[in-house]
Structures are given as C-alpha cells and as structure tokens.
Amino acid sequence: MEIEQDSLEQRLRQRTSRGHPLDTIPVDLEPHGNIPNTPLAASTISFLLGAVFSLGTALFLCGGLAYPLWATYQLGFFLAAWSTFHWSEFAVTAGWNREKCSVDSFLLDNGTTYHIANGSALVEYLITLYLVPSSKTFPYVSQFGLILAIFGQILRTSAMIHASTNFSHSVAFRKRESHKLVTNGVYSWSRHPSYAGFFYWALGTQLVLQNCICFIGFGVVLWRFFYRRTQVEERALVKFFGEDYEVYRRKVSTRIPLIP
C-alpha cells in the first residue's frame, strides 16, 4: 500500500508541476502586457474573432446586401480574412509551438502602424464606395485578390506548422539547443514562407477591396519591412548554422519580389 501511495503522490506532483493545461506562459519571452495573458482573455478574443468571422463569411456568401451600401461581399471577405489570420496565429502557436504561446500570439498587439494600415484600408474602401461606387465593380480584381489572400494564408500557416518550435514571431538572436535549420517542405520553395505568406495575404485583401492607394501603400511598406527583417534574421541564421545556411540561401529564394 505504501508503494502504491508513493506512486500516486509522485504522479500528482508531476501533473501539478506542469501547470494548468489552459495556461499560456511562454518560455524566455515576456508578453507585452497590454492584454492580460490569461485563459479568459484568450477565450474572449477567440469568441470576438469568431463573431467577426461569422458575420463576414455570411455577408460574403450571400453576395452582400442591397442596403446598407457598405454591406458588400468584398467587405465581408476582408473581415473574415482578417479574423481568420489573427485567430490562426494563436491557434497554430498553441498547437505546434506552445512554449512560445501567449495572448500576444494573436498579433493584435502588433503595433500602432499595423492598426493604422488596416483602418486606412477600411476608410479608403468606404469613402471610394460612397463617392465613386463604379471603382468597386471589377469582379475579376476581387476574385484574383481572394485567391491571393487564401494562398498567402495557407502559405503562412503551413510555414508555422512545419517549422513548429523553430518558428518565432520575433527574431531570435540566441541559438537554443532545440533550434534546427528547416529546409524541407514549404521551406524548400521559399526561404521565408511565413513572410511571403503575409505579404501576399495583405496584398490580396486590398485587391479584394479594390483599394488602389492601400494596395500600393501596403506593398511598399511591407516590402521595406520584410527586406530589413530578412537581413537581420539571416545574419542571425548564418551565425547559428554557418555554411549550411549559406548553401540553403543560395539555392532557395524568399519568393518576395526584389528580395533575393
């Protein structure tokens, strides 16, 4: 009996030492703190994103409404794509990279510039829809944008899943024992598939909305950001993996225009 009791107590200690299964406490990474890093916050955000996704998808599938003017299928797709992106960032991190998972994994606390960009996209769409409604009547542009946005989302999500614990939303400057150079799967097609995926996803959403100004603005800003980001990240990767990464870099492109 004593042996069985000791064994039971040992198993209980092991379970409690792992923490609560709903806790999202990242290793070696402090959340920003602007959003509480709690299961309640994560579930509330997921619920709200699900509500936006449901409304957007319903609006898209019904082809928009005759009234009000802004209730178009294009806006519906944009809302559905935006909510899908943020929910999937958290979901994939929680499922395949939990040691880095926190409420920040939703990427909703992604900086003022990001929210200004999305707000500007909505403002441009609504203003041009009201003033020049004929500028939103090119279905093939929206259809191509839809395909591009879906492609970008699949590419980014696949990259995060395939890289698993090697993926991080922030650039790692210290090599951990678990770090491995991933060169197969989607990484055999693009050296930075998560960046390429977001690049095409963002441009696709602007094509769906047929936003001329924001399409150009998104392209320029994202290109500059990812150009600088890849330069910084690749210096760290060369430091981590040496000649192995140099060989890989010569063979595989980023698949982002003008970023070799």
Side-chain angles (χ1 to χ4, degrees), residues 42-92 105-160 194-223 225 256-257:
S43 60
T44 301
I45 292 171
S46 295
F47 172 79
L48 294 175
L49 290 175
V52 173
F53 172 81
S54 298
L55 290 171
T57 301
L59 191 58
F60 171 72
L61 292 177
C62 74
L65 303 175
Y67 182 84
L69 178 67
W70 51 263
T72 63
Y73 77 93
Q74 297 156 316
L75 182 60
F77 179 83
F78 176 78
L79 294 175
W82 179 85
S83 56
T84 297
F85 169 76
H86 287 287
W87 178 84
S88 66
E89 291 293 300
F90 180 87
V92 171
S105 301
F106 283 107
L107 295 189
L108 288 169
D109 191 10
N110 207 20
T112 304
T113 303
Y114 174 77
H115 295 295
I116 290 175
N118 282 287
S120 298
L122 288 173
V123 169
E124 180 185 350
Y125 179 73
L126 294 174
I127 289 177
T128 53
L129 182 66
Y130 180 76
L131 296 177
V132 194
S134 60
S135 66
K136 306 298 183 185
T137 57
F138 300 94
Y140 293 114
V141 174
S142 289
Q143 289 167 12
F144 178 71
L146 186 150
I147 294 171
L148 191 63
I150 293 175
F151 167 75
Q153 180 66 70
I154 293 174
L155 180 61
R156 181 173 175 86
T157 300
S158 299
M160 292 175 64
S194 64
Y195 296 164
F198 183 83
F199 182 81
Y200 294 119
W201 173 86
L203 293 184
T205 61
Q206 297 313 297
L207 286 177
V208 170
L209 295 176
Q210 297 182 31
N211 281 346
C212 296
I213 297 174
C214 281
F215 177 80
I216 296 172
F218 273 42
V220 171
V221 171
L222 287 174
W223 186 90
F225 174 79
I256 299 175

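Residue numbers run from 1 in the order of the sequence given.
Between the side chains of Q153 and T84, no donor-acceptor pair of N or O atoms lies under 3.5 Å.
Applying the side chain to side chain donor-acceptor pair (under 3.5 Å) definition to pairs two or more places apart or across chains, those involving residues 207-217 are K136-N211, S142-Q210, Q206-N211. Residue pairs meeting the ring pair (Phe, Tyr, Trp, His ring centres under 6.0 Å) criterion with at least one member in residues 109-152, sequence neighbours excluded: H86-Y114. Each ring pair (Phe, Tyr, Trp, His ring centres under 6.0 Å) pair with one or both residues in residues 47-68, not counting sequence neighbours, appears once here: F60-F77.
Heavy-atom neighbours of W223 CH2 from other residues, nucleotides or ligands within 6.0 Å: above the threshold of 12. By the 6.0 Å contact criterion, CD1 on I213 is open, its count of non-hydrogen atoms from other residues, nucleotides or ligands being 12 or less.
In this structure a side-chain-to-backbone donor-acceptor pair under 3.5 Å is present from T205 to A202. With hydrogens and angles disregarded, a donor-acceptor distance shorter than 3.5 Å links the side chain of S88 to the backbone of F85.
Closest non-hydrogen pair, L129 versus L69, comes out as CD2-O, 3.5 Å. Of all heavy-atom pairs between G145 and V208, the closest is C-CG2, 3.4 Å. Considering all non-hydrogen atoms of both residues, R156 and S194 come closest at NH1-O, 3.0 Å. Listed here is the closest heavy atom pair of F106 and S46: CZ-OG, 3.5 Å. Nearest heavy atom pair, residue F199 against residue G219, reads CE1-O, 4.0 Å. The two atoms that bring W70 and L75 nearest to each other are O-CD2, 3.3 Å, heavy atoms only.
To the nearest 0.5 Å, atoms SG (C214) and CG (L203) are separated by 11.0 Å.
Aromatic pair F198/W201: ring centres closer than 6.0 Å.
The side-chain heavy atoms of L59 and Y73, taken from C-beta on, include no pair separated by under 4.5 Å. Between F90 and I45, every side-chain heavy-atom pair lies at or beyond the 4.5 Å cut-off. Between L79 and L55, every side-chain heavy-atom pair lies at or beyond the 4.5 Å cut-off. Between V123 and I127 there is a side-chain heavy-atom pair separated by less than 4.5 Å. For the pair L122/F78, a side-chain contact is recorded, criterion being any heavy-atom separation below 4.5 Å from C-beta on.
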